[in-house]
Amino acid sequence: MISELLVPDNMTGDETNSGNPYGTLDSNPYSTSVEVFADESVLKEDWQPEQLPEREPELEEIRNALAPATRGVNAHNLFLYGKTGQGKTVAIDHEIELLQEYADDSDDLNLSVIKTSANNQTTSYQLCAHLIKEIRGGTKKPSGIDQQSMFDLLYQEIGSLEDTVIIVIDEIDAIGSNDELLYELPRARKNGHIEDQWVSVIGISNNLQFRDNLSPKVKDSLYDSEIEFAPYNANQLTTILERRAERAFVDGVLDGEVIPLCSAFAAQDEGSARQAIRLLYKAGELALNRDDEAVDEQHVREARDILERKRIEEGMRSLTTQDQFALLSVVALEIDEETPARTRQVFQKYKSIVDRLDGNQLVERRVRDHLQSLGMQGFLLAETRNTGIQGGSHYRFELKTDLEATLDILGEDGRIDDVVEDLVDIASAKRLM
Ligand SMILES: Nc1ncnc2c1ncn2[C@@H]1O[C@H](COP(=O)(O)OP(=O)(O)OP(=O)(O)O)[C@@H](O)[C@H]1O
Ligand SMILES: [Mg+2]
């Protein structure tokens, strides 16, 4: 009877009341017999660390670039780049917060910071409208005017801000090659569009191609300082994790090898602090869910498999059929133990796979584009090799994701499962998985 399951408010504190179908709280499925986390929130994505000692040189560079603002002129424009999970966003947040504190305590600096992510803004026009919305604090973006009027509207809004304006644009690569705003904004005062404010722009990107492809005039305008966030090494990831673990976990619950292993796995991949923290968190959750008294190496290994699988699954959902063919070709070469393989070789494999599946066959150059895009998405490792005398270079591809998990997920697609099944048989016979 449902009414028996509903415990009245005044009885919720009574753990032994007969209305509780589990009798005591101890037998409630939500109660656990082990304690793993002391403060789980520390392992969440949005938790802000107070210290970033591994990034002290980068923080100092940021500080030097922002410091002119405290001296009554505009801060340098900045461009921060580096792979995902390298502390770019958290480093800027940290320094902006310190600068804001300085401004709050001092009469010399009147500061407005506009911090935004370009995320879905795929043109200068959209980004500009988005910035106007952020400054106004409203929910509606202006629209229906031409680009110059939109820029003028932004200058007008900036005119309502404090004397020193810093505009932080995270994930700036979203705007692609449509980058006029990045050229115009840092020069707005020089060009007389803004009179009273000093404006500087901080761009952040994890897309290295975007940086390389920026037009020279944008580079010239935006790049007073450029700061690279190189991938963390295993030692740095270890100290990052140690600081988190100290707060997040109950004393003594982590076996000695857990943090070094999480760090090593993340360092082998992209050196991402985000990935390392997720791994540690997942390992802790696995231990907790199984009522294990300690988090050990086995939990970490399992956590890695789970997260890796999730990453592949998420990425694969967005693959086009041609991406899948290209990926399958590299997987097949991996099983033939012929990777890293050149484009030509992958293309031969691709042709036989497309033939068998009766698919639409692309030319070699287009297949190479798909391979490169798979590289960008983290499925393949794509390295360039110089080919000596002629001075040319060529690509060599190999599978980056776990072979078994990749085949498993590709096999779920009814269009290609026959091919996948055969590959699984060969890989199993060769004991590759
Ligand atoms: N040196 C560090 N000390 C402590 N935590 C760190 C450090 N570096 C990064 N982190 C943490 O790692 C996670 C990822 O960092 P962040 O979001 O700054 O990366 P990012 O470089 O901006 O990545 P993306 O390019 O994907 O946006 C965050 O939870 C952040 O708090
Ligand atoms: Mg970021």
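Computed from heavy atoms alone, side chains included, the values below leave out hydrogens, waters and symmetry copies. Whatever order the structure lists them in is the order used to number ligands and atoms, beginning at 1.
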Nearest protein heavy-atom contact for [atom]: which residue, which atom, what distance?
| atom | value |
| --- | --- |
| atom 29 (O) of ligand 1 | Glu45 O, 3.6 Å |
| atom 7 (C) of ligand 1 | Tyr232 OH, 3.5 Å |
| atom 21 (O) of ligand 1 | Lys88 NZ, 2.8 Å |
| atom 22 (O) of ligand 1 | Thr89 OG1, 2.8 Å |
| atom 27 (O) of ligand 1 | Arg274 NH2, 3.8 Å |
| atom 23 (O) of ligand 1 | Gly85 N, 2.8 Å |
| atom 26 (O) of ligand 1 | Thr84 OG1, 2.5 Å |

Quiz item: Where is the tightest heavy-atom contact between Asp402 and Glu308, given as atom of each residue plus distance?
Solution: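 Looks like N-OE2, 3.1 Å.
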Quiz prompt | atom 2 (C) of ligand 1 touched by protein (heavy atom, under 4.0 Å) | solution =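 Looking at atom 2 (C) of ligand 1, one finds that a protein heavy atom does lie closer than 4.0 Å.
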Quick check: do [X] and [Y] have side-chain heavy atoms less than 4.5 Å from each other?
| X | Y | result |
| --- | --- | --- |
| Leu52 | Glu56 | no |
| Glu54 | Leu237 | no |
| Ser318 | Gln377 | yes |
| Val201 | Phe79 | no |
| Glu60 | Pro57 | no |

Below 3.5 angstrom, do we get any N/O pair linking [X] and ligand 1?
| X | value |
| --- | --- |
| Leu52 | no |
| Gln86 | yes |
| Arg55 | no |
| Val90 | yes |

Mode of [X] contact toward ligand 1 - side chain, backbone, both, neither (heavy atoms, under 4.0 Å):
| X | answer |
| --- | --- |
| Ile277 | side chain |
| Ile240 | side chain |
| Arg243 | side chain |

Self-check item: Residue selection (non-hydrogen contact nearest atom 16 (P) of ligand 1) among Gly87, Ser205, Ala276, Ala273
Solution: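 Closest candidate by heavy-atom distance is Gly87.
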Self-check item: Proximity winner for atom 30 (C) of ligand 1, if only heavy atoms of Glu54, Arg244, Gln51 are counted
Solution: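 That would be Arg244.
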Under 3.5 Å side-chain donor-acceptor pair for [X] and [Y]:
| X | Y | answer |
| --- | --- | --- |
| Thr122 | Gln126 | yes |
| Glu180 | Tyr125 | no |
| Ser272 | Thr84 | no |
| Asp170 | Thr89 | yes |

Self-check item: Which of the ligand 1 atoms, numbered from 1, are nearer than 4.0 Å to a heavy atom of Asn206
Solution: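 Every atom of ligand 1 under 4.0 Å from some heavy atom of Asn206: 24 (P), 25 (O), 26 (O).
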Practice problem: Taking the six-membered ring for Trp and the full ring for Phe, Tyr or His, determine whether the centres of Tyr281 and Phe37 are under 6.0 Å apart. | Solution: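 Ring centroids of Tyr281 and Phe37 are less than 6.0 Å from each other.
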Quiz item: Should the pair Arg365 and Phe347 be classed as cation-pi, given the thresholds of under 6.0 Å to the six-membered ring centre and 45° from the axis?
Solution: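 So Arg365 doesn't make the cation-pi contact.
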Quiz item: So, is Asn206 placed with an N/O/S atom under 2.8 Å from the Mg ion (ligand 2), counting both backbone and side chain?
Solution: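 It does not: Asn206 brings no N, O or S atom closer than 2.8 Å to the Mg ion (ligand 2).
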